[in-house]
Amino acid sequence: MGKTTDEQQQSYRELFEKPFSDKVLAEIRLASQGEWVLGSEHFKQQINTQLKLRRSIIPSRKQPNYSGN
């Protein structure tokens with residue numbers, strides 16, 4: 001993200017300059033409430049393998065709608 005502390009801080013700030021979409025916010029909420037791993041499939045697999053857990057959103061499960069409906 002940067003070589004110096006200032007560069008790292010600036011990079012981190014830039015990540016949050018634009019608001020998250022409703023879809024991303026819903027994914028974050030679902031993952032945190034369900035204690036699921038959030039990220040790419042590769043990342044989820046790495047975490048699940050290291051922790052010997054299955055912590056990802058199961059698509060067949062009905063998921064709450066956070067769009068206000």
Side-chain angles (χ1 to χ4, degrees):
M1 289 189 70
K3 293 180 182 179
T4 67
T5 302
D6 288 339
E7 289 173 352
Q8 292 169 357
Q9 289 175 351
Q10 182 60 32
S11 294
Y12 191 75
R13 281 188 203 103
E14 289 171 5
L15 289 173
F16 297 97
E17 285 182 350
K18 297 178 186 173
F20 292 116
S21 69
D22 289 341
K23 181 181 180 207
V24 169
L25 287 175
E27 289 173 357
I28 292 169
R29 286 183 183 116
L30 287 171
S32 63
Q33 291 171 358
E35 297 180 3
W36 295 313
V37 176
L38 180 65
S40 69
E41 289 304 315
H42 178 72
F43 177 74
K44 290 177 192 177
Q45 184 60 42
Q46 284 182 310
I47 298 301
N48 291 338
T49 299
Q50 288 179 8
L51 298 179
K52 295 178 176 67
L53 297 171
R54 183 164 185 230
R55 297 270 193 224
S56 58
I57 295 174
I58 302 168
S60 62
R61 218 172 107 178
K62 176 136 176 70
Q63 298 174 5
N65 182 345
Y66 287 102
S67 65
N69 297 329

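The structure displayed is predicted, hence computed values, not measured ones.
Residues Thr49 and Gln45 have side chains that bring a donor and an acceptor to within less than 3.5 angstrom of each other.
The distance from the CD atom of Gln10 to the OG1 atom of Thr4 is 10.5 Å, given to the nearest 0.5 Å. Atom CZ of Arg29 and atom CG of Leu38 lie 13.0 Å apart (nearest 0.5 Å).
Across every non-hydrogen atom of Lys3 and Gln8, the tightest pair is O-NE2, 4.2 Å.
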